[in-house]
K.L.:
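One structure coming up, written as structure tokens, with questions to follow.
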Amino acid sequence: MKVLVTGGAGYIGSVVTEHLLESGHEAVVFDNLYQGHESAVHPDASFVRGDLRDVPSIERAFEEHPGTDAVIHLASHTLVGESMRRPELYLRDNVANGVNLLEVAVRHGVRRFILSSTANLFSRPERMPIDEGQPIVPGSPYGESKAILERILAWYERIYGLRWGALRYFNAAGATERFGECHDPETHIIPLVLSVALGRRESFTLYGDDYPTPDGTCIRDYVHVSDLAAAHLLTLEALDGGSRTYNLGNGRGFSNLEVIETARRVTGHPIPYEVAPRRPGDPAVLVASSERIRSELGWRPRYPELEAIVRSAWDWYVQHPRGCE
Ligand SMILES: NC(=O)c1ccc[n+]([C@@H]2O[C@H](COP(=O)([O-])OP(=O)(O)OC[C@H]3O[C@@H](n4cnc5c(N)ncnc54)[C@H](O)[C@@H]3O)[C@@H](O)[C@H]2O)c1
């Protein structure tokens, strides 16, 4: 297949592109480098520097790469906190950019589409782990923008016959040998903790140690970015059998303190931290049930252990001291 990967110069998109190419597919990366990095564009992928706000630049991508079969749409504003301060970036740009992309993709004959969605759809889970049957109650304008895009995809299926998959990632983490995580600002715990071990930060700030969990800190589900990428390929190949939504995580939660302890073991650094008050809107526990994708597509995480995930991230930072520059 020839696949257009929006956001392919970003963290998850670079690894999705790498997996596509390793599996014998062709990849066209579409990215405006707003958060992404040119060094994260796989050398064997074609690269179109374009912006999803700009419909002609999307047109150009499809014209330069005729016969594109599928789109994997990762490009997005991605920060929950920012979305609570600047909702328009999410409720307008994320939604409008997705529709711009859909409009052009369908016109160019694309029949398969995968959306990066999020655990932020589930701010009031009724049971843990969180399966696909749980109520969709977005926790922020960021989550709302993904929920709206999921619903828009259902209309594109009804009207244009587009087959789609929505993959709701829990916490993406880890690295491949080639690509790792460099967000600016960084908000994810594993790179933040490792940046202390690398000497780039004095200490780590732990938001809340009084949650109703065994050690008082939040529990999250970490899924290795390679395992996420593998799920994209499986989903893409299964779309002829019908559109689908999957929650993607390891199904096991680890507390913030467990992450710090694991990073101490992996790096040999004491990683000091200080405790700050809870952040509003941070639920105590978020763990995915990925039973559906396991049973329907046989997806199995190759990195179910936190230690292997943290180690892969650490190895990448040590090998790439300048990050994604
Ligand atoms: N990282 C996670 O743990 C996580 C969890 C759940 C969902 N997601 C979703 O996964 C996707 C990828 O996340 P990531 O962590 O790799 O983020 P990232 O910021 O590293 O990558 C996003 C990429 O999209 C590009 N982009 C943004 N706006 C664009 C536009 N208008 N036109 C063209 N390109 C644009 C950026 O330059 C960047 O390269 C996002 O949709 C995010 O919402 C991520």
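For ligands, and for the atoms within them, numbers begin at 1 and follow the listed sequence. These values consider heavy atoms only, across backbone and side chains, with no hydrogens, waters or symmetry-generated copies.
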K.L.:
Compute the minimum heavy-atom distance from Ala173 to ligand 1 and say whether it is under 4.0 Å.
P.N.:
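So Ala173 does not count as touching ligand 1.
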
K.L.:
Quick one: look up the protein heavy atom nearest atom 43 (O) of ligand 1 and list residue, atom name and how far away it is.
P.N.:
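Of every protein heavy atom, Tyr142 OH, 2.6 Å lies nearest to atom 43 (O) of ligand 1.
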
K.L.:
Name the closest protein heavy atom to atom 21 (O) of ligand 1, giving the residue it belongs to and the distance to 0.1 Å.
P.N.:
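Its nearest protein heavy-atom neighbour is Gly10 CA, 3.5 Å.
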
K.L.:
Quickly, which of His269, Glu202, Arg264 forms a side chain to side chain contact (heavy atoms under 4.5 Å, CB included) with Val196? Name it, please.
P.N.:
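Of the listed residues His269, Glu202, Arg264, the side chain to side chain contact (heavy atoms under 4.5 Å, CB included) partner of Val196 is His269.
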
K.L.:
Under 6.0 Å from the CZ atom of Arg127, do we count more than 12 heavy atoms belonging to anything else shown?
P.N.:
yes

K.L.:
Under 4.0 Å from any heavy atom of Gly36, which atoms of ligand 1 are there?
P.N.:
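Here the atoms of ligand 1 in question are 36 (C), 37 (O), 38 (C), 39 (O).
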
K.L.:
Identify, by atom number and element, the atoms of ligand 1 in contact range of Ala9, meaning under 4.0 Å from any of its heavy atoms.
P.N.:
39 (O)

K.L.:
Less than 3.5 Å apart, any donor N or O on the side chain of Tyr156 or Arg158 sitting next to an acceptor on the other?
P.N.:
no

K.L.:
Under 6.0 Å from the CE atom of Met84, do we count more than 12 heavy atoms belonging to anything else shown?
P.N.:
no

K.L.:
Nearest to atom 13 (O) of ligand 1 by heavy atom, Asp51, Leu52, Leu121, Ile12: which?
P.N.:
Ile12

K.L.:
Hey, does Lys146 sit under 4.0 Å from ligand 1 if you only count heavy atoms?
P.N.:
yes

K.L.:
Can you tell me the protein heavy atom closest to atom 19 (O) of ligand 1 and the distance?
P.N.:
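Ranking protein heavy atoms by distance from atom 19 (O) of ligand 1, first comes Gln35 CB, 3.6 Å.
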
K.L.:
At a 4.0 Å cut-off, with the gap strictly under it, does some heavy atom of Ser14 reach an atom of ligand 1?
P.N.:
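In this structure, Ser14 fails to qualify as a contact of ligand 1 - no heavy atom is under 4.0 Å.
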
K.L.:
Just need the protein heavy atom nearest to atom 20 (O) of ligand 1, so name the residue and atom and give the distance.
P.N.:
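The closest one turns out to be Tyr11 N, 2.9 Å.
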
K.L.:
Which residue holds the protein heavy atom closest to atom 2 (C) of ligand 1, what is that atom called, and what is the gap in Å?
P.N.:
Ala172 CB, 3.7 Å

K.L.:
Do we see a donor-acceptor contact under 3.5 Å between the side chains of Ser116 and Tyr169?
P.N.:
yes

K.L.:
Please say whether Ala75 places an N or O atom under 3.5 Å from an N or O atom belonging to ligand 1.
P.N.:
no

K.L.:
Does Ala119 have any side chain to side chain contact (heavy atoms under 4.5 Å, CB included) partners at least two apart in sequence or in another chain, and if so, which?
P.N.:
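With neighbours one apart ignored, the set is Phe170.
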
K.L.:
With backbone taken as N, CA, C and O and side chain as the heavy atoms from C-beta onward, which portion of Ser117 lies under 4.0 Å from ligand 1: side chain, backbone, both, or neither?
P.N.:
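Within the 4.0 Å criterion, Ser117 contacts ligand 1 through backbone atoms alone.
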
K.L.:
Heavy-atom contacts with His183 under 4.0 Å: which atoms of ligand 1 show up? List them by number with element.
P.N.:
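Selected atoms, number and element: 14 (P), 15 (O), 17 (O), 18 (P), 19 (O), 20 (O).
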
K.L.:
Please list, in number order, the atoms of ligand 1 under 4.0 Å from a heavy atom of Asn97.
P.N.:
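What qualifies from ligand 1 is 31 (N).
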
K.L.:
Just to confirm my output: which protein heavy-atom neighbour is closest to atom 12 (C) of ligand 1, and how far is it?
P.N.:
Leu74 O, 3.7 Å

K.L.:
Say whether Asn32, considering both its backbone and side-chain N or O atoms, lies within less than 3.5 Å of an N or O atom on ligand 1.
P.N.:
yes

K.L.:
Short list, please: which atoms of ligand 1 are under 4.0 Å from a heavy atom of Phe170?
P.N.:
3 (O), 5 (C), 6 (C)

K.L.:
Is it the case that the side chains of Asn247 and Arg168 hold a donor-acceptor pair, with the cut-off being a distance below 3.5 Å and no angle test?
P.N.:
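Side-chain D/A pair, Arg168 to Asn247: present.
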
K.L.:
Please state which option from Asp31, Ile190, Leu248 has its nearest heavy atom closest to atom 37 (O) of ligand 1.
P.N.:
Asp31

K.L.:
Do the side-chain N and O atoms of Glu186 and Ser195 include a donor-acceptor pair separated by under 3.5 angstrom?
P.N.:
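No, no side-chain donor-acceptor contact under 3.5 Å.
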
K.L.:
List every atom of ligand 1 that sits less than 4.0 Å from any heavy atom of Ser116, numbering the atoms from 1 in the order shown and giving each element.
P.N.:
9 (C), 10 (O), 11 (C), 41 (O)

K.L.:
Is the closest side-chain donor-acceptor distance between Ser76 and Asn94 under 3.5 Å?
P.N.:
yes

K.L.:
Quick check: Thr78 and ligand 1, any N/O pair under 3.5 Å apart?
P.N.:
no

K.L.:
Using heavy atoms and a 4.0 Å limit, tell me yes or no: is Thr6 in contact with ligand 1?
P.N.:
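No, Thr6 has no heavy atoms under 4.0 Å from ligand 1.
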
K.L.:
Check Arg278 with Asp210, please: is the shortest side-chain N to carboxylate O separation under 4.0 Å?
P.N.:
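A salt bridge is present here (some side-chain N lies under 4.0 Å from a carboxylate O).
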
K.L.:
Considering only the protein, which heavy-atom contact is closest to atom 23 (C) of ligand 1, and what is its distance?
P.N.:
Gly7 CA, 3.5 Å

K.L.:
In ligand 1, which numbered atoms sit nearer than 4.0 Å to a non-hydrogen atom of His188?
P.N.:
1 (N), 3 (O)

K.L.:
When you check the side-chain N and O atoms of Glu181 and His188, is any donor under 3.5 Å from an acceptor?
P.N.:
yes

K.L.:
Checking contacts here: is it the side chain or the backbone of His37 that comes within 4.0 Å of ligand 1, counting heavy atoms only? Could be both or neither.
P.N.:
neither

K.L.:
Look at atom CZ of Arg200 and say whether more than 12 heavy atoms of other residues, nucleotides or ligands are closer to it than 6.0 Å.
P.N.:
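Yes.
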
K.L.:
For Arg292 and Thr245, which I'm curious about, is there any donor-acceptor pair between the side chains at under 3.5 Å?
P.N.:
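Their side chains do contain a donor-acceptor pair, which is all the 3.5 Å distance test asks for.
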
K.L.:
For atom 6 (C) of ligand 1, which of Tyr34, Tyr169, Tyr222 has the closest heavy atom?
P.N.:
Tyr169

K.L.:
With heavy atoms of Leu33 as the reference, note each atom of ligand 1 found under 4.0 Å away.
P.N.:
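So the answer, numbered in order with elements, is 37 (O).
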
K.L.:
Using only heavy-atom distances, determine whether the side chains of Glu274 and Ser203 contain a donor-acceptor pair under 3.5 Å.
P.N.:
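A pair is found: one side chain offers a donor N or O, the other an acceptor, under 3.5 Å apart.
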
K.L.:
Quick check on side-chain hydrogen bond (donor to acceptor under 3.5 Å, both in side chains): which of Lys146, Glu82, His77 does Tyr90 satisfy it with?
P.N.:
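It is Glu82, the one option of Lys146, Glu82, His77 that forms the side-chain hydrogen bond (donor to acceptor under 3.5 Å, both in side chains) with Tyr90.
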
K.L.:
Using the rule salt bridge (Lys or Arg N to Asp or Glu O under 4.0 Å), only one of Arg85, Arg92, Arg86 pairs with Glu88; which is it?
P.N.:
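Result: among Arg85, Arg92, Arg86, Arg86 is the only option passing the salt bridge (Lys or Arg N to Asp or Glu O under 4.0 Å) with Glu88.
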
